[in-house]
Amino acid sequence: MTLDPATLSALAASAVTALVPLLEKAAAKGFEKLGESTAGTLFEKLKNRLTKASAQEALEDLAKDPQDPTNQDLVKGQITKALKDQPELVAELQAWLKEAGAEAPWVSQVMHVSGDVNKLAQVSGSGNAVHIS
């Protein structure tokens with residue numbers, strides 16, 4: 001399965017979004033129990049798959065300060081690179097997020113339009129209403 005760069009980036013963002021609150025909860029309980037927590041499981045799986053030194057450093061920095069936007073962006077970038085280099089990681093990451101109770105909330109939508117005076121809408125999720133006049 002080949003996914004476009006925007007979708008890979010969205011999946012990486014979902015992973016970071018899921019990981020940040022889990023790391024914060026683990027920090028509140030003391031990192032000695034990180035390995036026993038959902039955060040530790042997701043964190044360790046990512047650490048085992050993202051083997052480049054830059055990815056390892058980004059993950060460690062995120063664990064130390066999950067709220068730092070720079071740390072979040074660096075991890076997102078490293079995950080996106082890994083997803084491009086290791087296409088099989090896409091399905092694994094989706095499964096890990098589901099396992100962690102944080103399924104990827106991303107949706108990829110494409111709309112090709114030609115002609116004039118087009119009226120279009122795209123929605124995702126539930127409870128949406130679209131009115132085009």
Side-chain angles (χ1 to χ4, degrees):
M1 163 173 51
T2 303
L3 297 174
D4 64 282
T7 301
L8 295 177
S9 181
L11 179 57
S14 295
V16 172
T17 299
L19 195 53
V20 166
L22 295 172
L23 286 170
E24 289 174 338
K25 286 179 188 175
K29 293 179 181 178
F31 276 108
E32 64 277 356
K33 295 186 179 183
L34 180 63
E36 301 169 16
S37 67
T38 304
T41 303
L42 181 58
F43 184 80
E44 288 303 318
K45 286 179 178 180
L46 284 169
K47 213 171 164 196
N48 289 335
R49 286 304 302 259
L50 306 180
T51 57
K52 291 183 180 177
S54 56
Q56 294 286 313
E57 182 179 357
L59 284 167
E60 290 298 330
D61 288 346
L62 184 66
K64 290 176 190 168
D65 188 359
Q67 281 300 317
D68 186 329
T70 301
N71 293 342
Q72 294 174 13
D73 289 343
L74 289 171
V75 171
K76 178 186 167 197
Q78 292 298 325
I79 293 172
T80 302
K81 284 182 189 179
L83 293 171
K84 289 177 185 174
D85 295 342
Q86 306 170 50
E88 70 280 2
L89 184 57
V90 172
E92 288 179 35
L93 183 54
Q94 289 171 327
W96 297 341
L97 289 171
K98 185 176 183 177
E99 187 180 293
E103 289 188 67
W106 54 275
V107 174
S108 178
Q109 296 182 336
V110 178
M111 185 180 295
H112 299 281
V113 180
S114 60
D116 297 324
V117 193
N118 297 303
K119 296 180 181 182
L120 312 165
Q122 287 187 325
V123 296
S124 175
S126 61
N128 297 307
V130 176
H131 303 280
I132 299 177
S133 47

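- In this structure Lys81 satisfies the side-chain hydrogen bond (donor to acceptor under 3.5 Å, both in side chains) test with no other residue, sequence neighbours excluded.
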Does the pair Lys52 and Asp85 meet the rule for a side-chain contact (heavy atoms from CB on, under 4.5 Å), with working shown? CA-CA 12 Å; Lys52 291 183 180 177; Asp85 295 342; 3.5 Å; yes
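- Across all their heavy atoms, Leu23 and Ala63 have their closest contact at CD1-CA, 4.0 Å.
- Heavy-atom minimum distance, Leu50 versus Gln78: CD2-O, 4.3 Å.
- The heavy-atom pair separating Ile79 from Ala12 by the smallest distance is CG2-CB, 3.6 Å.
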Please tabulate, for side-chain N and O atoms in residues 111-120, each donor-acceptor pair with protein atoms closer than 3.5 Å (sequence neighbours left out).
| from | atom 1 | to | atom 2 | distance (Å) |
| --- | --- | --- | --- | --- |
| Asn118 | ND2 | Ser114 | O | 3.3 |
| Asn118 | ND2 | Gly115 | O | 3.2 |
| Lys119 | NZ | Ser133 | O | 2.7 |

Applying side-chain contact (heavy atoms from CB on, under 4.5 Å) to Leu62 and Val20, what does each step give before you reach the verdict? CA-CA 8 Å; Leu62 184 66; Val20 166; 4.2 Å; yes
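- In terms of heavy-atom proximity, Ala15 sits nearest to Leu97 at CA-CD2, 3.8 Å.
- Both Leu83 and Leu42 are assigned to one and the same hydrophobic cluster, defined by single-linkage of ILVMFWY side chains at heavy-atom distances under 4.5 Å.
- Here the side chains of Leu46 and Leu19 are in contact, with some heavy-atom distance below 4.5 Å.
- Side-chain heavy atoms closer than 4.5 Å link hydrophobic residues (I, L, V, M, F, W, Y) into clusters, and following such links, even through other members, never connects Val16 to Leu74.
- Every salt bridge (charged side-chain N to carboxylate O under 4.0 Å, His left out) that Lys47 has, sequence neighbours left out, goes to Glu60.
- Between the side chain of Thr17 and the main chain of Ala13, a donor-acceptor pair closer than 3.5 Å is present.
- Taking each heavy atom of Gln72 and Pro66 in turn, the nearest pair found is NE2-O, 2.7 Å.
- For Asp68, the side-chain contact (heavy atoms from CB on, under 4.5 Å) partners are Asp65, Thr70, Asn71, not counting sequence neighbours.
- Cluster annotation: Leu93 is connected to Leu59 through the hydrophobic network of ILVMFWY side chains, with a link wherever side-chain heavy atoms come within less than 4.5 Å.
- Listed by chain and number, the residues in a side-chain contact (heavy atoms from CB on, under 4.5 Å) with Ala121 are Val130, Ile132 (sequence neighbours excluded).
- For Glu92, the side-chain contact (heavy atoms from CB on, under 4.5 Å) partners two or more places apart in sequence, or in a different chain, are Arg49, Glu88, Leu89, Trp96.
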